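Chain letters run A, B, ... following the sequence lines, proteins first, then strands; residues in each count from 1. It should be emphasised that the depicted structure is a prediction, and the values quoted were computed from it without experimental measurement.
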Amino acid sequence: MRLSATSEAPAVVTRFAPSPTGFLHIGGARTALFNWLFARRHGGKFLLRIEDTDRARSTQEAIDAILEGMRWLGLDWDGHEYYQSQFWARHAEVARELLERGHAYRCYMSAEALKAGREKAQAERRPYRVESPWRERTDWPGDSGYVVRLKAPREGETVIEDRVQGRVVVKNAELDDMVLLRSDGTPTYMLAVVVDDHDMGVTHVIRGDDHLNNAFRQLGIIKAMGWPEPVYAHVPLIHGADGAKMSKRHGATGVMDYDALGYLPEALSNYLLRLGWGHGDDEIIGREEAVRWFDLDAVGRAPSRFDLKKLDNLNGHYLREADDGRLAGLAAPRVAGLIGRDLTSEEIALLARAMPELKPRARNLNELAESATFLFRARPLDMDEKAGQLLIGDAPRLLARIYAVLSVLDEWTALATEAAVRGVADTAGVKLGLVAQPLRAALTGRATSPGIFDVLVLLGREESLARIADRMEG
RNA sequence: GGCCCCAUCGUCUAGCGGUCCAGGACGUCGCCCUUUCACGGCGAAAACACGGGUUCGAUUCCCGUUGGGGUCACCA
């Protein structure tokens with residue numbers, strides 16, 4: 001019982017508690033983000049706890065993947081990460097205390113008996129609740145072959161004032177005596193979360209909606225132990241386009257999948273934040289503003305569907321806003337993968353110089369990389385189909401005339417090359433497009449590219465003229 | 001099926017009894033800009049699930065229906 005305001009404990013302690021059975025899921029990333037924002041907003045602490053209670057399914061690779069995802073999103077946690085498995089002794093101790101105080105009991109029911117009861121209930125189409133004959137007994141037949149169950153109250157009701165879901169009430173008769181300690185003595189998740197959250201001083205439990213039902217059971221342990229109840233906030237899950245809980249069949253579900261797809265962490269972060277939360281008409285919300293504005297009360301109660309198109313749009317925005325050098329660094333390995341060799345530092349510098357022309361045209365880093373390959377491909381350039389079409393007919397002749405005027409230019413600038421090329425179009429009596437398109441094909445091997453005069457400058461005089469010569473008449 | 005949650009344009013949302021014949025964003029469709037593709041600018045179509053109440057007045061409050069979702073382990 002803490003009555004003084006001079007306590008050293010922060011007023012807000014949140015945590016993210018993933019189980020390491022896979023990568024960082026997009027939904028998990030959002031709850032992590034909300035926890036992080038809430039803690040930062042209130043000057044509190046954000047803790048990370050790996051729920052590796054299920055040792056068979058927990059792997060180091062998964063732990064690393066989750067940490068990687070957190071770092072990628074810029075969600076730093078306070079202190080070291082906690083591992084639930086390290087606290088088994090403490091969990092067992094709490095179970096023992098509950099046992100001693102009569103809030104829990106040893107249940108010797110066999111797995112078969114449990115199963116039979118469940119099946120019987122199923123057949124009779126009535127709800128199943130464990131009715132252990134051991135609930136009120138203390139004549140324990142032995143020191144093995146039992147589980148420890150919470151002796152949950154049967155009367156009355158349990159109320160949660162959820163910061164997102166509002167007041168939720170469940171009749172205690174609906175809750176059953178959950179297992180606290182398995183027959184091998186290991187703690188169950190239900191026990192472990194509650195004990196760890198308490199021991200870590202967690203004040204606000206912000207997590208997925210799918211845990212709302214668990215909260216009532218967990219409250220049973222908290223009350224039995226006489227611990228302070230945390231503030232709960234159960235945020236709705238993220239759904240796929242079909243309205244069902246987001247899963248593999250909806251496409252990419254891992255945070256790092258989005259990295260691979262060419263999304264920027266700040267774009268994904270902004271998108272996730274706006275999914276189920278809003279601040280007026282604001283759409284583009286950076287970290288700083290997010291910390292300033294985030295509020296649990298504004299989190300919606302309805303699940304929201306993941307919309308890749310909107311993410312694309314946001315990503316395009318952040319791409320355009322991003323530093324050219326940073327983008328060149330991010331795009332370089334992707335370009336290398338496309339052209340089959342690494343880029344030199346000079347080429348990476350060229351990539352950075354091309355960025356102002358490249359980035360407004362891309363929605364993600366992969367598109368960006370693809371659009372940059374023309375800068376680095378060896379002559380003679382391979383043409384894609386549309387580019388090939390642009391080089392038939394009058395094109396070789398026009399290219400020869402372009403070559404003629406460009407090769408004598410004093411100054412190799414966008415302005416100068418434009419004047420020269422326009423001159424060719426005028427003399428030939430054709431629209432600029434008729435000249436520019438074959439030129440584009442010759443220079444880039446594609447029918448689309450950045451502005452053709454910028455391309456000329458980026459490529460430089462020598463390379464440009466050589467590429468034109470490759471395709472012109474004569 | 002029991003229990004719990006939810007319900008505004010296709011999608012994300014604003015709205016917290018009258019300012020709403022409902023605002024923004026994405027997407028879609030036009031137009032403009034233009035050497036291509038983008039970017040950018042302008043504009044259009046597009047929603048309060050339904051039925052009862054409460055109220056002078058409901059998108060906003062209550063109940064029900066329908067529809068969606070979550071959850072029911074010695075998994076987490």
Side-chain angles (χ1 to χ4, degrees), chain A residues 17-21 51-54 56-58 84 107 109 111 114-115 118 121-122 125-130 146-149 162 164-166 168-171 173-176 178-190 192-193 208-216 234 236-237 239 241 243-245 271 274-284 300-314 316-317 320 357-363 367 371 386 390 418 421-422 425 431-441 444 446-453:
Chain A
S19 50
T21 54
E51 310 245 305
D52 56 347
T53 305
D54 183 359
R57 289 203 299 161
S58 303
Q84 190 154 68
C107 174
M109 282 177 85
L114 248 15
K115 195 176 168 213
R118 218 177 341 258
Q122 186 99 29
R125 293 186 56 218
R126 59 175 168 78
Y128 175 70
R129 278 186 55 235
V130 178
Y146 66 87
V147 297
V148 174
R149 284 184 188 279
D162 194 280
V164 170
Q165 303 294 340
V168 187
V169 183
V170 164
K171 290 183 181 58
E174 302 286 345
L175 276 18
D176 63 2
M178 64 183 158
V179 173
L180 264 22
L181 243 36
R182 303 188 185 102
S183 53
D184 64 359
T186 59
T188 59
Y189 161 80
M190 288 290 183
V193 247
D209 214 352
D210 49 344
H211 284 288
L212 182 56
N213 292 296
N214 288 338
F216 291 91
H234 288 93
L237 300 175
H239 286 185
K245 187 173 169 178
Y271 178 70
R274 278 289 288 104
L275 203 54
W277 178 84
H279 183 267
D281 284 341
D282 297 304
E283 298 288 346
I284 304 296
R301 294 114 310 179
S304 35
R305 302 183 186 205
F306 195 85
D307 180 15
L308 209 57
K309 288 283 179 52
K310 186 133 185 177
L311 211 209
D312 280 337
N313 177 270
L314 238 21
H317 170 86
R320 270 169 259 134
E357 294 304 319
L358 261 20
K359 63 185 185 182
R361 273 163 250 264
R363 285 185 317 226
E367 284 184 7
S371 73
K386 285 181 183 170
L390 290 170
E418 175 165 4
V421 174
R422 278 190 189 278
K431 285 188 174 174
L432 181 59
L434 220 62
V435 179
Q437 279 302 84
L439 178 57
R440 183 188 317 282
T444 69
R446 299 289 141 87
T448 67
S449 80
I452 201 61
F453 308 112

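Contact between the side-chain N/O atoms of A:K245 and the OP1/OP2 oxygens of B:U71 is found at a separation under 4.0 Å. The side chain of A:R149 contributes an N or O atom lying less than 4.0 Å from OP1 or OP2 of B:C74. Contact annotation: A:R320 side-chain N/O to B:G40 OP1/OP2 distance is under 4.0 Å. Here A:R422 reaches the OP1 or OP2 of B:U35: one of its side-chain N or O atoms lies under 4.0 Å away. The shortest distance between the side-chain N/O atoms of A:S304 and the OP1/OP2 oxygens of B:U13 is below 4.0 Å.
In this structure, A:G451 reaches the bases: a heavy-atom distance under 4.0 Å links it to at least one base atom across the strands shown. Counting non-hydrogen atoms under 4.0 angstrom, A:S19 reaches the backbone sugars and phosphates but no base. Among the atoms of the strands shown, base atoms are found under 4.0 Å from some heavy atom of A:H211. Residue A:E283 is classed as a base contact, given a heavy-atom separation below 4.0 Å to a base. Contact annotation for A:P18: no contact, since no heavy-atom pair falls under 4.0 Å across all strands. At a threshold of 4.0 angstrom between heavy atoms, the contacts of A:L212 are confined to the sugar-phosphate backbone, with no base atom among them. Within 4.0 Å (heavy atoms only), A:R305 reaches sugar-phosphate atoms of the nucleic acid but no base atom. At a threshold of 4.0 angstrom between heavy atoms, the contacts of A:M178 with the nucleic acid are absent. Within 4.0 Å of A:L275, counting heavy atoms only, lie sugar-phosphate atoms of the nucleic acid but no base atom. Using a 4.0 Å heavy-atom distance criterion, A:N214 is classed as a base contact. At a threshold of 4.0 angstrom between heavy atoms, the contacts of A:L237 are confined to the sugar-phosphate backbone, with no base atom among them.
Here the separation of B:G67 from B:U8, taken at their C1' atoms, is 16 Å to the nearest Å. Here, B:G27 and B:G40 have their P atoms 9 Å apart, quoted to the whole Å. Rounded to whole Å, the separation between the P atoms of B:U54 and B:C42 comes to 47 Å.
Counting only distance, with no hydrogens or angles, the side chain of A:R320 and the backbone of A:G316 share a donor-acceptor pair below 3.5 Å. In this structure, A:T186 contributes its side chain and A:R182 its backbone to no donor-acceptor pair below 3.5 Å. Side chain of A:S19 to main chain of A:T21: no donor-acceptor pair is present (N/O by atom type, distance under 3.5 Å, no hydrogens or angles).
Comparing A:R361 and A:L114 against RNA chain B, the residue whose closest nucleotide sits nearer the 5' end is A:R361. Looking at which nucleotide of RNA chain B each of A:C107 and A:Q437 is closest to, the 5′-most match is held by A:Q437.
Across every strand in view, B:C50 sits in a pair with B:G64 that passes the Watson-Crick or G-U test at under 3.5 angstrom. Both distances falling under 3.5 Å, in either a Watson-Crick or a G-U wobble arrangement, place B:C3 opposite B:G70. With a 3.5 Å ceiling on both atom-pair distances, the Watson-Crick or G-U wobble partner of B:G40 is B:C32. Partner assigned to B:A58 is none, using Watson-Crick or G-U wobble distances below 3.5 angstrom.
How far CG of A:D312 is from CZ of A:R363: 5.0 Å, rounded to the nearest 0.5 Å.
The two residues A:L314 and A:I284 have their closest heavy-atom pair at CD1-CD1, 3.5 Å.
Going from atom OH of A:Y271 over to atom C1' of B:G27 covers 12 Å, rounded to whole Å.
Between A:H211 and A:Y189, the ring planes lie tilted relative to each other; the angle falls in the 30° to 60° range.
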